[in-house]
Amino acid sequence: MNLLNVFDQINAVDPEFSDRISPRREAIKNLASMSKKVTLAALPFFVSELFKKAYGATAPTDVNGVLNYALTLEYLEAEYYTMGVAKSGLIPSGKPLGAITTIRDHEVAHVNFLKQVLGSKAVSKPTFDFTAGGTFGNVFSDYGTFLAVAQAFEDTGVRAYKGQAGILVGNRVVLTAALQIHSVEARHASHIRQMRRARGGGAANQKPWITGANDSGIGTVVDAVYAGEDNVKQAGVDITALSSSIGKISTNAATQSFDEPLSAEAVLNIAGLFIKA
């Protein structure tokens, strides 16, 4: 048994398998050329890698890939807020509960929209662990932790959509829809940050915008969410070196004035902390 036999068997079950991995077709050809050297014991490793490329957490390379990538993030957010709203006593009644319920409804609408667009190509909802393996063990018992994790999700979502816009440029309809979701995620992120500020305590210094590489107030555990946000150069121009009628532009203002995209790999690594299966 060799890799070519494996390809044939997989394609017999899933005729679209080759299309799923077409961006890496050259790599697969190389693997196939090695098939005579691959032992039976080694085959599971190669097959596992192929399935990761075809179905797993890999960077999107086409429109459907980007939409499924977005859908996975929307699944995560919709599930998170749904569980939060359902947890008795977690979110204070009145405006806080009203806001989180509204955000939940938005995320559910995003999920349903993306599933409708993707049809049969939509990925299934993963099983989530919102404690991130115990890191946030009190996420559904402590309101402050709940908001802090929500902020990390929303800030990730904003940067995630921005990072994939280039792949959607050729499809104006889908790009427009993605940008419409992107701006709403930004509103969510800003509102969650203001909700944390209103609570006071350790989050009293939160602002509606991101300042520097990590302004979350919950430590290095979310550094990956804010990686690169301390960038002060845009299109090769150092913003802090510019002069204006209000004087020099500070480093804080430079980082706040421009939001940075996140690569697909970075976003998938962040989401992976909360995906159980």
Side-chain angles (χ1 to χ4, degrees), residues 16 19-24 53-82 100 102-126 128 150-193 208-210 224-229 231 234-235 256-275:
E16 295 183 353
D19 292 336
R20 295 179 195 271
I21 52 179
S22 59
R24 298 171 177 82
K53 294 180 188 300
Y55 305 104
T58 56
T61 57
D62 58 14
V63 171
N64 281 341
V66 171
L67 292 178
N68 269 316
Y69 161 85
L71 176 57
T72 300
L73 294 177
E74 297 296 347
Y75 275 141
L76 181 146
E77 291 177 323
E79 181 82 358
Y80 184 72
Y81 292 118
T82 296
I100 297 299
T102 298
I103 294 174
R104 176 204 63 186
D105 294 347
H106 293 171
E107 305 298 7
V108 169
H110 293 166
V111 166
N112 292 340
F113 167 73
L114 291 169
K115 287 176 69 176
Q116 180 68 32
V117 171
L118 283 160
S120 62
K121 295 185 182 297
V123 295
S124 300
K125 182 173 75 171
F128 297 109
Q151 177 181 312
F153 288 158
E154 296 296 348
D155 286 339
T156 298
V158 174
R159 300 185 68 191
Y161 273 96
K162 185 185 280 88
Q164 297 308 302
I167 296 178
L168 302 179
V169 168
N171 191 318
R172 185 173 179 179
V173 173
V174 176
L175 176 61
T176 298
L179 290 175
Q180 289 172 321
I181 293 175
H182 167 264
S183 60
V184 173
E185 296 294 343
R187 296 177 196 274
H188 292 172
S190 177
H191 194 74
I192 292 290
R193 283 169 162 269
W209 42 79
I210 296 173
V225 174
Y226 302 100
E229 285 288 5
N231 178 35
Q234 301 296 329
Q256 294 167 354
S257 301
F258 298 88
D259 230 3
E260 303 296 325
L262 269 179
S263 70
E265 290 84 357
V267 173
L268 290 168
N269 286 336
I270 293 166
L273 298 173
F274 300 90
I275 294 177

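Since the structure is predicted, the reported quantities are computational estimates derived from the model, not experimental observations.
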### Message
Return the OG1 to CD1 distance between Thr82 and Ile103, rounded to the nearest 0.5 Å.
### Response
12.0 Å
### Message
My understanding is that only residues two or more places apart in sequence, or in another chain, count here; which of them pass side-chain hydrogen bond (donor to acceptor under 3.5 Å, both in side chains) with His106?
### Response
His188
#### Entry: Listed partners of Ser263 passing side-chain contact (heavy atoms from CB on, under 4.5 Å), at least two apart
Glu265, Ala266
### Task
For Arg104 and Ala78, indicate whether the former's side chain and the latter's backbone hold a donor-acceptor pair under 3.5 Å.
no
### Side-chain touch Leu71/Lys115, heavy atoms, less than 4.5 angstrom
yes
### Task
Determine yes or no for a side-chain-to-main-chain donor-acceptor pair under 3.5 angstrom, with Ser183 supplying the side chain and Gln180 the backbone.
yes
### Query
Short question: side chain of Asn68, backbone of Lys121 - any donor-acceptor pair under 3.5 Å?
yes
### Query
Of the non-hydrogen atoms in Glu229 and Asp259, which two are nearest, and what is the gap between them?
OE2-OD1, 3.1 Å
### Task
Go through the structure and list residues passing side-chain contact (heavy atoms from CB on, under 4.5 Å) with Ala227, not counting sequence neighbours.
none
### Query
Are the side chains of Glu74 and Glu185 in touch, meaning some heavy atoms are under 4.5 Å apart?
yes
### Task
Taking the side chain as every heavy atom from C-beta outward, state whether Ile210 and Tyr226 have any atom pair closer than 4.5 Å.
yes
### Task
State, with a plain yes or no, whether a side-chain heavy atom of His110 is found less than 4.5 Å away from one of Leu73.
no
#### Entry: Glu107 side, atom CD; Thr102 side, atom OG1 - distance, nearest 0.5 Å
11.5 Å
### Task
Please report the shortest heavy-atom distance between Ala152 and Val225, naming the atom on each side.
O-CG1, 3.7 Å
### Message
For a 4.5 angstrom cut-off between non-hydrogen side-chain atoms, does Arg193 reach Glu154?
### Response
no
### Query
Does the side chain of Val123 come within less than 4.5 Å of Tyr69's, by heavy atoms?
no
### Query
Under the side-chain contact (heavy atoms from CB on, under 4.5 Å) test, which residues partner Leu175, sequence neighbours left out?
Ala165, Leu168, Leu179
### Task
Using the side chain to side chain contact (heavy atoms under 4.5 Å, CB included) rule, pick out the option among Val184, Ile181, Leu262 that qualifies with Tyr161.
Ile181
### Task
Identify, with sequence neighbours excluded, every residue that meets side-chain contact (heavy atoms from CB on, under 4.5 Å) alongside Phe128.
Tyr75, Leu76, Glu79, Lys125, Pro126, Phe130, Ile275
### Task
Drop me the distance from Leu114's CG to Leu67's CG, to the nearest 0.5 angstrom.
6.0 Å
## Note on the structure
Across all chains, not counting sequence neighbours, the salt bridge (charged side-chain N to carboxylate O under 4.0 Å, His left out) partners of Glu260 are none
### Query
What is the minimum heavy-atom distance between Pro208 and Ser190, and which atoms define it?
CB-OG, 3.3 Å
### Message
What I'd like to find out is whether the side chain of Ile100 reaches to under 4.5 Å of the side chain of Ile192, using heavy atoms alone.
### Response
yes
### Task
Determine the minimum heavy-atom distance between Val158 and Ala189, stating which atoms define it.
CG2-CB, 4.2 Å
### Task
For the pair Phe274 and Phe153, evaluate side-chain contact (heavy atoms from CB on, under 4.5 Å) and give the outcome as yes or no after the intermediate values.
CA-CA 10 Å; Phe274 300 90; Phe153 288 158; 3.6 Å; yes
### Summary
The reported gap from CZ in Arg159 to NE2 in His182 (rounded to nearest 0.5 angstrom) is 10.5 Å
